[in-house]
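The chains referred to below are lettered A, B, ... by the order of the sequence lines, with proteins before strands, and numbering in each begins at 1. Note that the structure is predicted; figures quoted are calculated from it, not measured.
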Amino acid sequence: MQENLVIVESPAKAKTIEKILGDKYTVKSSYGHIRDLKKKGLSIDIAKGFEPEYEISPDKVKVVSELKKLSKEAQTVWLASDEDREGEAIAWHLKEALQLPDSKTRRIVFHEITQNAILHAVENPRQVDRNLVNAQQARRVLDRLVGFELSPLLWRKVRPSLSAGRVQSVTVRLIVEREREIMNFEGSDYYRVVGEFAMPDGAVFKAELNTRFKTEEEAGRFLADISAAGVVFTVGSVETKPSKRTPAAPFTTSTLQQEAARKLGFSVSQTMSVAQRLYEAGLITYMRTDSVHLSSLAIGAAEEAVAALFGEKYHKTRQYTTKSKGAQEAHEAIRPTDIDRREAGTTAQERRLYDLIWKRTVASQMADAELEKTTAQIVVSNRSEKFAASGEVITFDGFLRLYMESRDDEVSAAKTDGSGDGLLPAMTEGTVLTRGQTVATQRFAQRPPRYSEASLVKHLEELGIGRPSTYAPTISTIINRGYVVKEDRDGVKRDYTVLTLSKAGGLKRTRKSEMTGAEKNKLFPTDIGMLVTDYLAEHFAAILDYNFTARVEKEFDEIAEGGLDWRRMLAAFYAPFHEHVDNAEGETEYVRSERLLGVDPKTGKNVYARVGKFGPMVQLGDTPAAASKAKESSEPSEDEKPRYASLLKGQMVATITLEEALALFELPRELGEYEGKTVTAAVGRFGPYVKHDGKFVSLKVREGDDPYTVTLERAVQLIEEKREAERNRVIRVYEAEDIQVLNGRWGPYIAHGGTNYKIPKTLLAKREAASLTLEELRALIAEQQTAGEGTAPKRTFRRGVARGAKK
DNA sequence: CAGTGAGCGAGCTTCCGCTTGACTT
């Protein structure tokens, strides 16, 4: 019989705490929330003051029954969930679900997982804070009301299975609005002038003119002026200013996601799962946190590490404070649990992420970097504009010796000519310089950048929308709903003008070209994303407002402090909200966004773009109903039926042009005949393809294939390639055993009884797949069958079909 | 790999935040 049962949220935490508390305590985990609103239906009794209808979450039934058993046996049950709104609710739900009497229940919170902190907590128990719990109930009920009233509206008005919510709908809106900014962006151009100058001793440096010219003429005139005989270049003022840089705060979930994306190329969810493994191995502190707080223990350990590695001079104690409004530090920042451990992790990903966390943590306890920035002006005798040269010298590297935070900037592209950083030769006012080559380059204003996963998370955090535990799932949701796609887009070629004034004085004009606007792994809205956002923004402006969450959070805080009744707060929100839902329900049958692109010159028919039942499409000709209404004729003839074509990847209803739309109707194209059968090219669900004799062969877009231009010759080549691959598909067949060794997309595999089995890479490194004996194959199959025993039969399925309504 | 929005017609989809597994193509 155990005297004490302690319940925490996370099993990894339970293990650590059990060690500290000793054998009079059993420490168990609730694995997060154990009760929630019933899965089905609204499960809120609005008439009874928004009374929630709770159930034990289906996946927690086992956990709860075990905890119940243990709590019955224990004398005292310590509820040690996190010290925040959600944690308090978990404690309350536990108390309710386990039917714990006040007399044997203690609510405690840990601020750190150290012996002192835990013993201190045990000595200072309290009861569950009902106000804080009510704040959580208000949050939970409001989210359910919003989500479960808006989503069905979308099913009826737009498309089944769509969703809307306080967090996801605003997240999509951010991406949609950024895309609109990009669409409306009017790029201006200008000329920037960079010149080389030589000191009397021959030292050369670069300097940029302090004026940017609007036109080529102005830039040309300037270059002509300064190339005239007798023009003198003199060093004007020289200024040296000390400056310093400060290390970034230790990682929170959001900053870890951003930095892992920039430095390691991880996706947001990848970062979280790698961090989870490090956490479970006891190597780092909890990875879902918005706190930058470091424990005194960690600060002390970091000091020792810095002193040992770089010397005491490099150390500076810094305590970071979290500016978040909740101001409750339920967790620490993300840091190594043991700073003395320089390397950790079993996979390369784990090691790299650990290294990043280690460096960031230790650097946060290091001295400022000290710099000296020198700016020199160069005066031109016959013009009022001045050149400016700047150089930056690090006089003391401080924390930079270990770590520097990356930035997501695309502005650096304009700074690649070397005028700026680095060292300047020592110069004094009045020194006469020799002009070297001077170049005026046409540049273009930068359009706003598209969001990456990480930059989106950053923005969400700034707006106070979502929580550390929801950033990654929110991104998955909006992608799975088809509101957003994450993909690469090719850039476009852009020409620009360069005027080069040689040292000798000859002026030359050249045209160069560059690729611009290419995007990698960025988030783009889909037509559905835009349609739904516009619809919601029109009818539910309050909820789509970027400050909606901040506003309701303020009210939740008031509830937590006991100054506001949670049912009252919900009533005040719900009445107008529900009225808007009712109003929207009564309006238009379907929400459509149709664009008339123009008239097809060949047929004289109208061309439209809109989102149809199966996704974005273009339409040639009016629908019979619309046409007959217009003409007052009741019999629409066959040729009046409109033609339809789906948009290609990357095309949008909002931006497609008449020319692009007309091109879509040229498919399917007949290329000619091969082996007596016609070959056609078109675009299907899986991209562009050619079809021959009932068989489909995908075009290789990466190799430049295009359904509009592909030739019969190329099509035949692709058909033959596919036939060749088919022939090579079968490596070995044991017919009697129903075992085949086949060549697949990921290399050789075994097919048996309708299921596929892997051949380990380590084995393939040593052996040809064809040489595997029947016994070896049987062993591999048996091995993988027992491994998968008890689990549901494997089914392949496609998740997150980005465009199109098909499931 | 096709289709482009309706009364014959079942039943379903959906929110946000706390947690970890069981899935591998």
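Checking B:dT4, B:dT13, B:dC16 against the side-chain heavy atoms of A:Lys40 singles out B:dT13 as nearest.
Residue-nucleotide stacking is present for A:Phe696 and B:dC1, judged by a side-chain ring centre under 5.5 Å from the six-membered base ring centre and planes under 30° apart. Stacking of A:Phe148 onto the six-membered ring of B:dC15 is not present when judged by under 5.5 angstrom between centres and under 30° between planes. Stacking between A:Tyr31 and B:dC18 is absent: the ring centroid is not both under 5.5 Å from the six-membered base ring centre and under 30° in plane angle.
As judged by a 4.0 angstrom heavy-atom cut-off over every strand, A:Val146 is placed among residues making no nucleic acid contact. At a threshold of 4.0 angstrom between heavy atoms, the contacts of A:Tyr279 are confined to the sugar-phosphate backbone, with no base atom among them. A:Pro11 comes within 4.0 angstrom of the backbone, heavy atoms only, and of no base. Here A:Glu280 lies in heavy-atom contact (under 4.0 Å) with sugar-phosphate atoms only. The residue A:Gln619 sits apart from the nucleic acid: no heavy atom pair falls under 4.0 Å. When heavy atoms are screened at a 4.0 angstrom cut-off, A:Leu162 is found touching the sugar-phosphate backbone but no base atom. A:Ala164 comes within 4.0 angstrom of the backbone, heavy atoms only, and of no base. At the heavy-atom level, A:Lys157 lies nowhere under 4.0 Å from the strands shown. Within the nucleic acid shown, A:Thr477 comes within 4.0 Å of sugar-phosphate atoms alone, with no base atom in reach, counting heavy atoms only. At the heavy-atom level, A:Val8 lies nowhere under 4.0 Å from the strands shown. Base engagement by A:Gly32 is indicated by at least one non-hydrogen atom pair under 4.0 Å involving a base atom.
The side chain of A:Arg140 contributes no N or O atom lying less than 4.0 Å from OP1 or OP2 of B:dC15. Of the side-chain N and O atoms in A:Gln168, one or more sit less than 4.0 angstrom from OP1 or OP2 of B:dC15. Close to B:dT20, at under 4.0 Å from its OP1 or OP2, lies a side-chain N or O of A:Ser10. In this structure, A:Tyr286 reaches the B:dT19 phosphate: one of its side-chain N or O atoms is under 4.0 Å from OP1 or OP2. Contact check, A:Ser469 against B:dC18: a side-chain N or O comes under 4.0 Å of OP1 or OP2. The shortest distance between the side-chain N/O atoms of A:Arg288 and the OP1/OP2 oxygens of B:dC18 is not below 4.0 Å. The phosphate of B:dT14 (OP1 or OP2) has no side-chain N or O of A:Tyr483 nearer than 4.0 angstrom. Of the side-chain N and O atoms in A:Thr470, none sit less than 4.0 angstrom from OP1 or OP2 of B:dC16. Contact between the side-chain N/O atoms of A:Arg156 and the OP1/OP2 oxygens of B:dT13 is not found at any separation under 4.0 Å.
A cation-pi geometry, defined here as NZ or CZ lying under 6.0 Å from the six-membered ring centre and within 45° of its normal, holds between A:Arg173 and A:Tyr546.
In this structure, A:Arg144 and A:Glu86 both approach DNA chain B, and ranking their closest nucleotides by distance from the 5' end singles out A:Arg144. Map A:Lys691 and A:Arg467 each onto its nearest nucleotide of DNA chain B; the residue landing nearer the 5' end is A:Lys691.
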Next on the checklist: If you apply the rule salt bridge (Lys or Arg N to Asp or Glu O under 4.0 Å), what do you find for A:Asp82 with A:Lys13, and how did you get there?
Outcome noted: CA-CA 11 Å; A:Asp82 294 345; A:Lys13 209 166 161 182; 3.2 Å; yes
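Distance A:Tyr574 OH to B:dC15 P: 18 Å, rounded to the nearest Å. Atom CG in A:Leu153 sits roughly 16 Å away from atom P in B:dT14 (whole-Å rounding). The distance from atom NE2 of A:His93 to atom P of B:dC18 is 13 Å, rounded to the nearest whole Å.
Residues A:Gln136 and A:His33 are in side-chain contact: their nearest non-hydrogen atoms beyond the backbone lie under 4.5 Å apart. The shortest distance between side-chain heavy atoms of A:Glu280 and A:Gln276 falls below 4.5 Å.
For B:dT13, the base has a donor-acceptor partner in the side chain of A:Ser161 [N/O atoms by modelled type, under 3.5 angstrom]. If you check distances only, the side chain of A:Tyr644 never reaches the base of B:dA2 with a donor-acceptor pair under 3.5 Å. In this model, a side-chain donor or acceptor of A:Arg139 finds a partner on the base of B:dC16 within 3.5 Å.
Looking at residues two or more places apart in sequence or on another chain, you find no side chain to side chain donor-acceptor pair (under 3.5 Å) involving A:Ser469.
Heavy-atom neighbours of A:Lys28 NZ from other residues, nucleotides or ligands within 6.0 Å: at or below the threshold of 12.
Relative orientation of the A:Phe548 and A:Phe573 rings is tilted, given thresholds of 30° and 60° on the angle between their planes.
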